[in-house]
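Heads up, the thing below is written out as structure tokens.
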Number of protein chains: 2
Amino acid sequence: MAKSLQLKTAELEKISHLDYFNIALSVDLVIFGYEDKELKVLLIKSDLEEFSGMYSLLGDLVRPDEDLDSAPYRVLLSRTGMDDVFLEQVHTFGSIGRHPSGRVITTAYYALIDIRHHQLQVDSNELHWHAVNDIKKLAFDHKLILNTCLEQLRSQIMEKPVAFNLMQDKFSLRELQEVYEAILDTKLDRRNFRKKIAVKDWLQDLNEMESNLSHRPGKLYGLKKQFKRKSSKALVI
Amino acid sequence: MAKSLQLKTAELEKISHLDYFNIALSVDLVIFGYEDKELKVLLIKSDLEEFSGMYSLLGDLVRPDEDLDSAPYRVLLSRTGMDDVFLEQVHTFGSIGRHPSGRVITTAYYALIDIRHHQLQVDSNELHWHAVNDIKKLAFDHKLILNTCLEQLRSQIMEKPVAFNLMQDKFSLRELQEVYEAILDTKLDRRNFRKKIAVKDWLQDLNEMESNLSHRPGKLYGLKKQFKRKSSKALVI
DNA sequence: ATTTTAATGTGTCATAAGTACATATTTATT
DNA sequence: AATAAATATGTACTTATGACACATTAAAAT
């Protein structure tokens, strides 16, 4: 029997419904945010001895009375107070040895958060935003999960207006471009970027300008209503 | 408690490791094949009373001692004798009511099979090939799973040389085009199709021609070696 | 041997999209 | 009034896409 399947009872108790004849199912969340011109991801200190000092993704076991796709919303709401968030399933990871405490298969989701809007109290919850580019390793197979989700995000931002979930409701084209550059980790040409975005017909011209700048202000735009999620309330925790 | 969670013990016994406090995890396979200019999918008569007379995908519970991604290979080998098959994970389905006998979350994979090469004895195993276009409904949420996998297949055939897994080792450009047309369920322009394929650099000119035709024969091509899976042995069952 | 059948093989033109690149304009500050 | 720092915008080149027609080949029929 594989080494990964040998575990102490103490560890085992940490995870309910976990034994060697029942596979446990969890969800893990790659929660992306954007701040200081960097793409960030929300991490928590791992609570397993094996990974002491290391960070991991937010996750939890799926409950028997909830839909799989509801679980990540529950985790997000209960751990961060965030509601009405963009979430998408990416991939399910299930190698035998991926969890040191037993057999746990996990479905990974990525979420996109407007950090400023949600006013997350990160430090009180042992949660911290990390620049994606600075993350070298994570607990479990979470670095692989992060990379997989990042790839999916990158492949989607020109197809669907998902990147707007990282931004406030009003933004200039410069801010939008900076978000795209942060996600793709590359510099973009301003004129070509604007052409590409313009042709998508995602933007609503708000007839407002930036203010309080020491240079020429840009026009402000919003995402067209038809692409927005219904509400934008953030629960206070 | 949800209706879907009420079940008779008789039904429950059919699925090992299945109860209401342990979610069971399965894999389901959308096995595509190509024959008679049609895209086919391999189905089996459902063994559940609720779905008597209906067809369903091949699937099985994931075993505690196998990787998630190994399970579909095991299912394919044990149920059809097929080995060395192209398989790709697509999505995980986990709504509460999706399985009438209890809580089963399933990870869907699609597989691509060269029907003629594998010489599957389908009838002896209650397995049957069905034209994808003729499938109106399936047991469980398998129609949804089929549609999701079909979409994924369609979005990948111009990106990666996956469609070749449906074909024999030698083929003419006409045959290749017919496979693409069957997958996309659309007619393609011959000249434009050849241009698009040519630029991918996937094809090896075999310097052979079709034979035994009552018209001008076409050149035969194969997929370039670098894109092929290692072996091509099919086990006899 | 010639004709017929049924397919293969190939190129051009028009339109759309992608990429590289430079100058005039606007606002606040000095 | 001049400066600093950004916005706004267009063109030329290349590449991809989509519509479309004709000469060629091999076998079969006459």
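Note on naming: letters A, B, ... go to the chains in the order of the sequence lines (proteins, then strands), and numbering restarts at 1 for each one. Everything numeric in this text was worked out from a predicted model, so none of it was measured.
For the pair Lys196(A) and Glu175(B), nearest-nucleotide mapping onto DNA chain C gives the more 5' position to Glu175(B).
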Exercise. Does the pair Ser26(A) and Thr106(A) meet the rule for a side-chain hydrogen bond (donor to acceptor under 3.5 Å, both in side chains), with working shown?
Worked result: CA-CA 5 Å; Ser26(A) 67; Thr106(A) 198; 2.7 Å; yes
For this session: Using a 4.0 Å heavy-atom cut-off, write out nucleotides 19-30 of chain D from 5' to 3' as B (base contacted by protein), S (sugar-phosphate only) or - (no contact).
Result: BBB--BBBSS--
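Remark: Arg194(B) is not in phosphate contact with dT10(C), judged by side-chain N or O atoms under 4.0 Å from OP1 or OP2.
In this structure, a donor-acceptor pair under 3.5 Å is absent between the side chains of Tyr73(A) and Asp83(A).
A tilted orientation is assigned to the rings of Tyr110(B) and Phe86(B), their planes being inclined by 30° to 60°.
Between Glu175(B) and Lys37(B), none of the side-chain N atoms (NZ, or NE/NH1/NH2) sits under 4.0 Å from a carboxylate O, so this pair counts as no salt bridge.
One atom, OH of Tyr221(B), and another, P of dT8(C), lie 12 Å apart when rounded to the nearest Å. With rounding to whole Å, Phe171(A) atom CZ is found 15 Å from dT7(D) atom P. Rounded to an integer number of Å, the gap from Lys219(A) NZ to dT27(C) C1' is 16 Å. The distance between atom CG of Leu173(A) and atom P of dA6(D), rounded to the nearest whole Å, is 16 Å. The interatomic distance linking Phe193(A) (CZ) with dA17(C) (C1') rounds to 17 Å, in whole Å. Separating the CG atom of Leu184(B) from the P atom of dG18(D) is a distance of 12 Å, rounded to the nearest angstrom.
Tested against Ile31(B), the residues Leu112(B), Ile113(B), Leu43(B) include a single side chain to side chain contact (heavy atoms under 4.5 Å, CB included) partner, Ile113(B).
Between Leu188(B) and Tyr180(B), the closest side-chain pair of non-hydrogen atoms falls below 4.5 Å.
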